[in-house]
Amino acid sequence: MIISILIVVPVAFIYGFNPDYQFNIHLNTVDEHNFFKAIMGLYIGFSALWILGIFKANYLKIALITNLIFMLGLGFGRLLSFGIDGTPTFGYIFGTFAELFLGFYGLWVLKTSN
């Protein structure tokens, strides 16, 4: 989860305040800016839960479950996009494999901890 936090928090701030910095995203309307700020908040909120899971044992299981759902949801959504929309830039391709890896790793951790 530490790796997820170290990746998700900076990406959240990039999405929220400067998405064209590392990604081929150009926002033109207030609604588009609002949408990306909401995504930033969602990412930071989940990261806060994962941090809580690291430091408080009674939150660890829910932190692991939400982390694997978060990562696998993103990864499989991106795979769907590859098939429907085509191949994105390298950052998104790398992100897809990283998200799937972290999601399946979280699943493995959850299964082996029982």
Side-chain angles (χ1 to χ4, degrees):
M1 279 188 297
I2 293 170
I3 294 169
S4 295
I5 294 163
L6 291 174
I7 294 168
V8 170
V9 170
V11 168
F13 284 108
I14 291 170
Y15 278 176
F17 295 109
N18 197 10
D20 59 345
Y21 171 68
Q22 287 289 320
F23 308 106
N24 191 18
I25 298 172
H26 306 285
L27 308 180
N28 298 311
T29 68
V30 171
D31 287 350
E32 290 170 331
H33 284 278
N34 184 277
F35 178 82
F36 276 81
K37 296 278 189 315
I39 296 298
M40 177 186 71
L42 185 64
Y43 279 30
I44 292 170
F46 273 107
S47 295
L49 176 60
W50 303 336
I51 291 168
L52 197 57
I54 291 169
F55 292 106
K56 301 278 189 180
N58 55 331
Y59 288 96
L60 180 58
K61 186 172 183 179
I62 193 67
L64 283 168
I65 292 169
T66 59
N67 185 264
L68 75 91
I69 291 170
F70 183 93
M71 292 301 169
L72 291 177
L74 287 173
F76 284 121
R78 292 187 200 282
L79 284 179
L80 180 64
S81 177
F82 287 6
I84 294 172
D85 307 317
T87 305
T89 59
F90 174 77
Y92 285 108
I93 294 170
F94 178 80
T96 301
F97 289 107
E99 290 156 357
L100 291 172
F101 173 79
L102 290 170
F104 283 116
Y105 178 72
L107 186 61
W108 176 80
V109 169
L110 196 61
K111 288 182 75 121
T112 58
S113 67
N114 287 333

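Numbering of residues begins at 1 and proceeds along the displayed sequence.
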Group every Ile, Leu, Val, Met, Phe, Trp and Tyr by side-chain heavy-atom contacts under 4.5 Å, then state whether [X] and [Y] land in the same group.
X	Y	value
Phe94	Tyr21	no
Ile65	Phe55	yes
Phe13	Ile2	yes

* To do: Report the distance from atom CG of Leu68 to atom OG of Ser4, rounding to the nearest 0.5 Å.
  => 10.0 Å

* Asked: How far does CG of Leu79 sit from CG of Leu74, to the nearest 0.5 angstrom?
  -> 11.0 Å

Is any side-chain heavy atom of [X] less than 4.5 Å from a side-chain heavy atom of [Y]?
X	Y	value
Thr66	Met1	no
Phe35	Leu27	no
Leu60	Ile54	no
Leu72	Phe104	yes
Val9	Tyr43	no
Leu64	Ile62	no
Thr87	Tyr92	no
Phe76	Glu99	no

* To do: State whether the number of non-hydrogen atoms from other residues, nucleotides or ligands found under 6.0 Å of Phe97 atom CZ is greater than 12.
  =>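 No - once you tally the heavy atoms of other residues, nucleotides and ligands closer than 6.0 Å, there are 12 at most.
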
* Asked: What's the verdict on side chain to side chain contact (heavy atoms under 4.5 Å, CB included) for Tyr105 and Met71, showing C-alpha distance, side-chain angles and the deciding distance?
  -> CA-CA 10 Å; Tyr105 178 72; Met71 292 301 169; over 6 Å; no

Show the nearest heavy-atom pair for residues [X] and [Y], with the distance to one decimal.
X	Y	value
Met40	Gly16	SD-CA, 3.7 Å
Lys61	Leu110	CG-CD1, 4.0 Å
Gly53	Ala63	CA-CB, 3.8 Å
Ala12	Ile44	CB-CG1, 3.9 Å
Asn67	Leu102	OD1-O, 4.3 Å

* Asked: Which of parallel (below 30°), tilted (30 to 60°) and perpendicular (above 60°) describes Tyr15 and Phe36?
  -> perpendicular

* Between Phe70 and Trp50, is the ring centre distance below 6.0 Å? -> yes

